[in-house]
Amino acid sequence: MAQSSYPPIGNPVAIVSPQFCAAYPVDLTIVRKLLSITEGNFAVTDVNGNVMFKIKGKVFSLRDRRVLVDNAGNPILTLQQKILTAHRRWQVYRGDSTDAKDLLFSVKKSSLIQFKTQLDVFLAANTKEDVCDFKIKGSWLERSCTIYLGDTSTIIAQMHRKHSVQSIVLGKDTFSVTVYPHVDYAFIVALVVVLEEINEDRDD
């Protein structure tokens, strides 16, 4: 794919760290093991099948909490659902912290009743939350969604579902995510995990 087909982004989108920004599009595969109660219910691989991240669930914690770790097991981000909020808000912190000073961003549903998925992402510095910093739009049933820069039409990542016989037999959900150049792919992985969690508990 020609580089020119990706719109230039004014500044690199480095939310977690510039080390997760590449000068080229990054294709990731996210495999969710449906039957896993043990730690590590998601694995994120590159196109060659190398594990880049894992998401570990804290199953027995008071709140829903997930930790994104790199392939060496170092915690990159902690994702935690904020309880007692109407809009299903998840907060994402640096490392394995849940201190307010380490909050990087939060994600919530744009509205309570939704037929299509729309989530707003607010960076920690955006305390007013008048305008979102990023927006996720898509259809969860089709497992296709697009992540935009703010309330604009500038796309920074796209996700779609992969269908394979193996995924059906093994009880795995597999999506592929294309992260656009100069966009923090650890940040995008965290957004996809939150999207999955928010949609998982749709029924309760």
Side-chain angles (χ1 to χ4, degrees), residues 12-22 26-46 49-85 87-109 119-127 129 132-136 145 147 156-157 159 172-177 179 182-201 204:
V13 179
I15 308 299
V16 183
S17 166
Q19 81 186 67
F20 299 120
C21 295
V26 175
D27 285 307
L28 301 172
T29 298
I30 301 181
V31 179
R32 175 172 174 261
K33 301 185 186 103
L34 301 182
L35 303 172
S36 159
I37 304 170
T38 56
E39 58 170 16
N41 38 2
F42 287 86
V44 183
T45 60
D46 63 13
N50 302 310
V51 174
M52 297 172 73
F53 303 107
K54 284 183 182 163
I55 289 86
K56 296 186 172 186
K58 297 272 176 78
V59 181
F60 301 111
S61 67
L62 182 63
R63 309 177 177 202
D64 281 340
R65 190 181 288 180
R66 306 281 177 269
V67 181
L68 178 74
V69 298
D70 65 15
N71 60 357
N74 302 308
I76 308 287
L77 294 172
T78 295
L79 297 71
Q80 179 169 278
Q81 183 165 268
K82 191 173 181 182
I83 44 183
L84 305 175
T85 55
H87 280 260
R88 284 275 182 229
R89 179 184 283 262
W90 279 76
Q91 293 174 306
V92 180
Y93 301 85
R94 188 176 294 288
D96 56 3
S97 169
T98 50
D99 281 353
K101 65 176 173 40
D102 294 312
L103 180 70
L104 286 175
F105 60 92
S106 60
V107 185
K108 72 176 183 67
K109 282 186 174 180
L119 302 179
D120 291 340
V121 183
F122 300 100
L123 296 177
N126 181 358
T127 49
E129 300 193 354
C132 61
D133 295 289
F134 302 92
K135 195 178 259 301
I136 305 170
C145 79
I147 301 171
I156 60 169
M159 171 185 120
K172 289 181 176 177
D173 226 346
T174 306
F175 341 102
S176 56
V177 179
V179 182
H182 308 294
V183 174
D184 186 325
Y185 52 84
F187 169 61
I188 299 298
V189 167
L191 292 184
V192 172
V193 173
V194 170
L195 177 68
E196 166 85 347
E197 295 290 348
I198 285 176
N199 282 284
E200 272 298 288
D201 51 33
D204 58 359

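Below, each value reflects all heavy atoms present in this structure, side chains not excepted, and no hydrogens, waters or symmetry copies. Since the structure is predicted, the reported quantities are computational estimates derived from the model, not experimental observations.
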In Å and rounded to the nearest 0.5 Å, what is the [atom1] to [atom2] distance from [X] to [Y]?
X    : Y    : atom1 : atom2 : result
D27  : S176 : CG    : OG    : 7.0 Å
I55  : L68  : CD1   : CG    : 5.0 Å
W90  : Q80  : CH2   : CD    : 8.0 Å
I136 : L195 : CD1   : CG    : 5.5 Å

Does F53 have any ring-ring contact (aromatic ring centres under 6.0 Å, His included) partners at least two apart in sequence or in another chain, and if so, which? F20
How far apart are the closest heavy atoms of [X] and [Y], and which atoms are they?
X    : Y    : answer
D184 : V16  : OD2-N, 2.5 Å
Q19  : Y185 : O-OH, 4.0 Å
C21  : H182 : SG-O, 4.1 Å

Considering only heavy atoms from C-beta outward, does the side chain of [X] approach that of [Y] to under 4.5 Å?
X    : Y    : answer
V69  : K56  : yes
I156 : V179 : no
I30  : V177 : yes

Extract all donor-acceptor atom pairs below 3.5 Å that involve side chains of residues 186-193 and protein atoms in other chains or at least two apart in sequence.
none

Charged N to carboxylate O under 4.0 angstrom, E196 versus R66? no
Let's go through Y93 and L79 carefully: what are the C-alpha distance in whole Å and the side-chain angles of both, what is the deciding distance for side chain to side chain contact (heavy atoms under 4.5 Å, CB included) to 0.1 Å, and is it a yes or a no? CA-CA 6 Å; Y93 301 85; L79 297 71; over 6 Å; no
Would you say the side-chain atoms of D70 pair up with the backbone N or O of A72, donor to acceptor, closer than 3.5 Å? yes
Should R65 and T98 be marked as a side chain to side chain contact (heavy atoms under 4.5 Å, CB included) after you check the CA-CA gap, both sets of side-chain angles, and the distance that decides it? CA-CA 10 Å; R65 190 181 288 180; T98 50; 3.9 Å; yes
